[in-house]
Structures are given as C-alpha cells and as structure tokens.
Amino acid sequence: MISPTSAPAHQETSNSLPLKAVLWDMDGTLVDTEPYWIAAEIALVQAHGGQWSKEQAFTLVGNALDDSARVLQGAGVDLSVREIIDHLSNTVIAGIREEVPWRPGARELLADLRHNNVRCALVTMSERQLAAEVVGALDEEYFEFLVTGDEVTHGKPHPEPYLVAVDKLQLTDPNLTLLHCAALEDSVPGVASALASGMATIAVPNAVPLGEDARRTTWDTLLGKTHDDVQAVLADHAASVGAAL
C-alpha cells in the first residue's frame, strides 16, 4: 500500500498534472442519507430505553460503523456491534429503496468527469450492501469500484480507505500517483482520512460544520461544479506539495 507520508517526485508537481481519478465519499457527499442514519439511531436507542439526540448523532457522522456501534452500546443499546450495524444499515437501505436523496450537483459532476475520462471510485464507511444499493440507483456505471467499511482494517479518519483505492487504481495505471487524485468528502473523519492520504481534498459540508483548514478546498455545494473545477484544485494542491519539497 502507498505510504501517506511518501513524497512524490518533484517533477510530478506541475500545474499541468492531469486529474486521473476522483474518489467519492457516499453518505452526505453523493447522497444525503445522514437523516436516515440519524432517525435509525434515535429509534434504536429509544427502543432499548435510552435517549439519543440529533446533536449526539451528529458526532458519529463519517465514523467507521463499528466505532459508532460501540458508542450506541454505551448509550444503552443491548445488541452486539454486528447486530447494531445490520439494523442501522437495513433501516437506511429501506429508506433508499423508497427515495434516493442525491446531493445537488453530484450526478452532474459524475457525468462530466466521465465525459473527460476521469475515473471515479466510491470510498465509504457504509458496508457493501448499502453502497451497492446507492450505486445501483445511478443511471450509468460511473464508479469503477467500491471501497467499503467492511473491507478495510482501519476506517476513516485513518487514511487506509483512500490508500486502498489508489492501490486499486494503480493496477491498471501504474503511473498514477496520489497527486493525480482528488477526494470529495463532507465529514470531519472523512476529510481527515483524505488529507492523511496526501491527495487533494475537497470538503462539501453537509450535516455538520467543518473547521477551517488551509490544507483542503471547501465548496458550499457540488451544484455547477465541473471537471475543470476539480482539476484546478488538483493543480493548487500539486503546487503546494512542490513548494514544500
């Protein structure tokens, strides 16, 4: 696996560096499923005699599911971690089957990236069953592959999910580096994971606010964003890496 601390060659830090891949978070970035997760958490905790507020639920946004499950156990849910994950995931899947809450501009950006031959992959802490439901609802096969929470050892905010994705991309393009990739994220753990990987990171805050961080780019929305906008972020990131070498 690529080391998040490995410095790329200086000659790769040009403003002309091409955007080769965009790695997408799912919950809150591609689809606005956070309300589904929050409602499921509140109902589950209450069913076990506890209390769980929206404010408490917001603290779990973007976390690895097993970490969130342990927090819910602490709130009184008398189920195993696996049982909690299955219950929450199945509840969210049921909501998605009724209505997929796409984030504004997400599908349009996917289409424009594809038009410009940019590869896309999904990097989510949701498990494969849920991620497959969302991806299957798209009108095209935009995502080359999925990296899901049940397939990594360390979830976000650890960089492993993004580094695994880059390793997969390199199987068919050995010349691809972290500097050819950009990540789209909405949560604190997700942004931290992408930044730790070393790739250009675009935050699109949704359910929870994000603090200031000069290492990332922040967009209010994906609406109206295109390949050229992501390419510009990539170029700025490459320039900053080059200046630091």
Do side-chain atoms of [X] reach the backbone of [Y] as a donor and acceptor pair under 3.5 angstrom?
X      : Y      : answer
Ser193 : His158 : yes
Glu127 : Gly149 : no
Gln56  : Ser53  : yes
Arg103 : Gly28  : yes
Glu133 : Leu130 : no
Thr33  : Tyr36  : no
Lys156 : Val123 : yes
Ser197 : Ala194 : yes
Thr226 : Gly224 : no
Asp150 : Arg128 : yes

Minimum heavy-atom separation for [X] to [Y], with atom names?
X      : Y      : value
Ile42  : Trp52  : CG1-O, 3.3 Å
Leu234 : Cys181 : CD1-O, 3.3 Å
Ala238 : Leu179 : CA-CD2, 4.5 Å
Leu210 : Ala203 : CD1-CB, 3.6 Å
Ala57  : Glu41  : CB-OE1, 3.3 Å
Glu144 : Thr172 : OE2-OG1, 4.2 Å

TODO: Go through the steps to decide whether Val135 and Leu146 satisfy the test side-chain contact (heavy atoms from CB on, under 4.5 Å), and finish with yes or no.
DONE: CA-CA 9 Å; Val135 170; Leu146 316 179; 3.7 Å; yes
Yes or no on side-chain contact (heavy atoms from CB on, under 4.5 Å) for Gln73 and Leu79, after CA distance, side-chain angles and deciding distance?
-> CA-CA 7 Å; Gln73 286 177 329; Leu79 296 173; over 6 Å; no
Do the side chains of [Y] and [X] get nearer than 4.5 Å, heavy atoms only?
X      : Y      : value
Asp186 : Pro205 : no
Thr124 : Val147 : no
Gln231 : His227 : yes
Asp66  : Arg82  : no
Leu184 : Leu222 : yes
Trp37  : Val61  : no
Val134 : Trp102 : yes

Out of curiosity, [X] [atom1] to [Y] [atom2], how far, rounded to the nearest 0.5 Å?
X      : Y      : atom1 : atom2 : result
Leu169 : Thr177 : CG    : OG1   : 11.0 Å
Leu110 : Leu122 : CG    : CG    : 9.0 Å
Leu72  : His48  : CG    : NE2   : 10.0 Å
Leu113 : Leu19  : CG    : CG    : 6.5 Å
Asp86  : Ser80  : CG    : OG    : 8.0 Å
Glu34  : Leu60  : CD    : CG    : 10.0 Å

Between Arg70 and Ser68, does any side-chain donor sit less than 3.5 Å from a side-chain acceptor?
no
For [X], does the [atom1] atom have more than 12 heavy-atom neighbours from other residues, nucleotides or ligands under 6.0 Å away?
X      : atom1 : answer
Glu98  : CD    : no
Asp139 : CG    : yes
Gln46  : CD    : yes
Lys20  : NZ    : yes

Single-linkage hydrophobic cluster, 4.5 Å side-chain cutoff, [X] and [Y] together:
X      : Y      : result
Leu23  : Leu195 : no
Val31  : Phe143 : yes
Trp219 : Met26  : yes
Leu44  : Ile38  : yes

*Would you sort out whether Asp173 and Arg119 count as a side-chain contact (heavy atoms from CB on, under 4.5 Å), showing the intermediate values?*
CA-CA 11 Å; Asp173 182 2; Arg119 302 164 71 185; 3.6 Å; yes
Only residue of Asp213, Val204, Thr201, Asp25 satisfying side-chain contact (heavy atoms from CB on, under 4.5 Å) with Val191 is Thr201
Given side-chain contact (heavy atoms from CB on, under 4.5 Å), test Thr148 with Glu151 step by step and report yes or no. CA-CA 5 Å; Thr148 58; Glu151 298 171 348; 3.0 Å; yes
